[in-house]
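Below is one structure, written out as structure tokens; comments come after it.
In the text below, chain A, chain B and the rest are named by the order of the sequence lines, each starting its count at 1.
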Number of protein chains: 2
Amino acid sequence: MAFEYEYPRAALTVDCVVFGIDEGDLKLMLIQRKLPPFKGKWALAGGFVRVDETTENAALRELEEETGLKNVFLEQLYTFSAIDRDPRERVVSVAYYALVRLSDHEVSAASDAQDAAWFEIDEHPKLAFDHQGIVDLAHERLKNTLRYRPIGFELLPERFTLSQLQHLYEVILDTTLDKRNFRRRVLKTGLVIETGEVQKDVAHRAAQLFSFDKELYQKLKKEGFNFEV
Amino acid sequence: MAFEYEYPRAALTVDCVVFGIDEGDLKLMLIQRKLPPFKGKWALAGGFVRVDETTENAALRELEEETGLKNVFLEQLYTFSAIDRDPRERVVSVAYYALVRLSDHEVSAASDAQDAAWFEIDEHPKLAFDHQGIVDLAHERLKNTLRYRPIGFELLPERFTLSQLQHLYEVILDTTLDKRNFRRRVLKTGLVIETGEVQKDVAHRAAQLFSFDKELYQKLKKEGFNFEV
DNA sequence: CCAAAAGTGTTTCACGTACACCCATGC
DNA sequence: GCATGGGTGTACGTGAAACACTTTTGG
């Protein structure tokens with residue numbers, strides 16, 4: 001007990017809602033808590049913010065420590081400050097959401113946490129604290145963001161087929177899309193480029209592989225354009 | 001010095017970007033600081049979050065204490081946590097933006113702060129701390145939000161003319177809009193209703209006064225609709 | 001009667017949407 | 001040869017955008 005202040009201070013934490021996608025559904029990475037409160041319960045990755053790091057760095061650090069994930073897409077979601085959201089004491093939490101390429105990161109990649117696992121977004125255990133509310137808000141934000149910013153590519157491998165991309169949109173937006181219209185719109189943006197390569201080892205006609213044109217996106221973003229799928 | 005913790009803790013503050021609009025431009029409410037650091041400089045309204053209040057309540061409280069504003073529209077913007085954003089010590093700040101009806105709140109309404117004043121958004125003094133960055137982000141958010149949510153009404157009187165509404169959109173989005181197309185689109189939403197009243201004391205043809213249909217908006221919001229102007 | 005802002009319709013074009021069949025490949 | 005997903009074109013309707021003049025009122 002070495003740090004004293006004139007007024008009481010809330011503890012500051014970060015929480016990370018980690019999304020991933022595979023052939024099936026939208027996935028959520030959760031951590032099984034090793035310590036009270038809510039010991040043994042599943043919760044979001046996260047932890048206390050150190051006094052010499054930004055909240056974003058804290059989120060990246062906790063992600064790596066608890067799940068082994070590095071180099072992920074991370075954006076701030078919202079700051080939660082309800083008085084009783086933590087039973088121990090006053091805790092204010094800055095929530096982030098992360099998008100992860102499941103293809104790059106094996107499920108078992110967690111370093112010091114064998115207790116990290118992927119769950120389907122609509123089928124996961126009850127969460128500790130107010131984490132369900134954070135997940136709901138993150139999912140809502142993900143849907144909205146996907147509509148007007150090309151963030152879906154953060155969830156796919158470097159090279160992907162248009163069917164994979166469409167599947168991603170359908171899963172996240174919980175809808176079905178017309179294949180021809182989807183392909184036309186996506187190609188018209190100019191942001192996906194043909195690599196000339198095709199799928200391998202598939203038991204049907206191999207699909208073209210495309211990649212996302214990051215440079216063009218940065219350029220268009222500066223000029224202020226509208227992206228919509 | 002009475003509060004002790006095992007680890008050092010950042011101080012937690014709120015900052016409020018307060019927007020208003022009048023016949024002229026988009027306005028920003030600023031506070032002249034009475035205390036160091038940046039004594040005498042202009043800054044956003046805000047202050048320390050008490051340990052027994054949410055950040056949102058802190059923002060509302062500070063707004064009232066420093067500017068006299070009550071019952072304003074308030075939304076969380078972003079949480080700023082750069083290490084050196086405050087020269088005194090580590091301070092993490094949850095920023096909010098507020099929309100205010102200038103018609104309801106006289107500029108001089110500030111209670112304990114004669115040091116609050118409105119400035120044009122593009123013509124205000126240099127700001128303390130990282131507050132310019134916060135203002136820029138808030139302005140950006142305001143533009144984006146205005147496009148797909150009917151928040152403009154928070155800045156206008158209860159009863160307003162369509163020209164006032166159009167002027168608001170033009171000022172915030174920094175563009176010009178076609179009068180006929182604007183009126184058609186706005187009326188088609190069904191969210192603005194004729195009051196039957198007209199302007200008074202104007203030196204030209206009096207315009208119809210409209211009001212915003214809050215109930216209908218709540219209903220449509222639940223059903224999930226798209227609003228766009 | 002003049003100034004100042006209110007109010008009003010039509011045409012055009014682009015884009016979103018709906019819709020069904022053939023193609024390539026592996027087994 | 002069959003199962004599986006890949007890939008393609010057209011017709012229709014809606015909605016966004018461009019555009020100019022008349023009306024009302026006060027001074």
Side-chain angles (χ1 to χ4, degrees), chain A residues 21-25 103 146-148 150 156-157 159-171 173-211 220 224-229, chain B residues 21-24 146-148 150 156-157 159-171 173-211 220 224-229:
Chain A
I21 208 162
D22 66 6
E23 304 306 317
D25 262 318
S103 50
L146 187 65
R147 279 200 202 94
Y148 61 92
L156 292 179
R159 284 144 198 260
F160 51 87
T161 70
L162 294 184
S163 291
Q164 285 178 301
L165 185 62
Q166 179 176 349
H167 174 246
L168 181 148
Y169 273 83
E170 291 181 333
V171 162
L173 300 178
D174 191 26
T175 183
T176 59
L177 298 168
D178 181 84
K179 184 160 57 161
R180 284 161 292 189
N181 294 338
F182 181 82
R183 295 165 90 91
R184 190 183 315 125
R185 274 196 304 259
V186 165
L187 292 174
K188 190 162 63 66
T189 66
L191 290 169
V192 284
I193 46 190
E194 254 184 86
T195 64
E197 294 175 59
V198 295
Q199 278 184 316
K200 295 210 162 141
D201 302 319
V202 287
H204 52 78
R205 176 174 176 178
Q208 295 282 337
L209 291 172
F210 293 81
S211 66
L220 290 178
F225 73 120
N226 8 350
F227 172 88
E228 198 132 348
V229 180
Chain B
I21 209 163
D22 66 6
E23 303 306 318
L146 187 66
R147 278 200 202 95
Y148 63 93
L156 291 178
R159 283 144 199 259
F160 52 85
T161 69
L162 294 185
S163 290
Q164 285 177 302
L165 185 63
Q166 180 176 347
H167 174 246
L168 181 149
Y169 273 83
E170 291 181 335
V171 162
L173 300 178
D174 191 25
T175 182
T176 59
L177 298 167
D178 180 84
K179 185 159 59 159
R180 285 162 292 190
N181 293 337
F182 180 80
R183 295 164 90 93
R184 188 184 316 123
R185 274 196 302 259
V186 166
L187 292 173
K188 190 161 63 65
T189 66
L191 290 170
V192 284
I193 46 191
E194 254 185 87
T195 63
E197 294 174 61
V198 294
Q199 279 184 315
K200 295 211 161 138
D201 303 319
V202 287
H204 53 77
R205 176 172 176 179
Q208 297 281 336
L209 290 172
F210 294 81
S211 67
L220 291 177
F225 73 119
N226 10 348
F227 172 89
E228 197 130 349
V229 179

Does the side chain of A/Arg147 come within less than 4.5 Å of A/Leu173's, by heavy atoms?
yes
How close or far is atom P of D/dT24 from atom CD of B/Gln208, stated in whole angstroms?
12 Å
Judged by atom type as modelled, is there a donor-acceptor pair below 3.5 Å linking the side chain of B/Gln166 to the main-chain atoms of B/Arg183?
no
Rounded to whole Å, the CZ-P distance (A/Phe182 to D/dG7) equals 13 Å
Output the rounded distance in Å from NZ (A/Lys179) to P (C/dC19).
16 Å
Would you kindly compare A/His204 and B/Phe210 by the position of their nearest DNA chain C nucleotide and give the one closer to the 5′ end?
B/Phe210
Do B/Leu220 and B/Leu191 come within less than 4.5 Å of each other through their side chains, counting heavy atoms only?
yes
Regarding B/Thr161, tell me which of base, sugar-phosphate or nothing describes its non-hydrogen contacts under 4.0 Å with the strands shown.
nothing
Counting only side-chain nitrogens and oxygens, does A/Arg180 get under 4.0 Å of the OP1 or OP2 atom of C/dC19?
no
Check: A/Thr161 and A/Leu209 side chains under 4.5 Å, non-hydrogen atoms
yes
I need the NZ-C1' distance between A/Lys200 and D/dG6, as an integer number of Å.
18 Å
Touch class at under 4.0 angstrom, heavy-atom based, for B/Arg185 against every strand present
sugar-phosphate
Starting from C1' on C/dG7, measure out to CG on B/Leu162 and report it in whole angstrom.
10 Å
May I ask you to verify if any side-chain N or O of A/Ser163 is less than 4.0 angstrom from the OP1 or OP2 atom of D/dG6?
yes
Report yes if a donor N or O on one partner sits less than 3.5 Å from an acceptor N or O on the other, where the partners are the side chain of B/Arg184 and the base of C/dT10; otherwise report no.
yes
Measure CD/B/Gln199 against P/C/dA6 and give the value in whole Å, please.
7 Å
Starting at CZ of A/Arg183 and ending at C1' of C/dC15, how long is that distance when rounded to a whole Å?
20 Å
Considering only heavy side-chain atoms of A/Asn181, the closest of D/dG9, D/dT23, D/dA18 is D/dG9
Whole angstrom value for the distance that separates P of C/dG26 from CG of A/Asp201:
9 Å
In terms of the nearest nucleotide of DNA chain D, which residue is placed more toward the 5' end: A/Ala206 or A/Asp178?
A/Ala206
For the CZ atom of A/Phe210 and the CD1 atom of A/Ile193, what is their distance to the nearest 0.5 Å?
10.5 Å
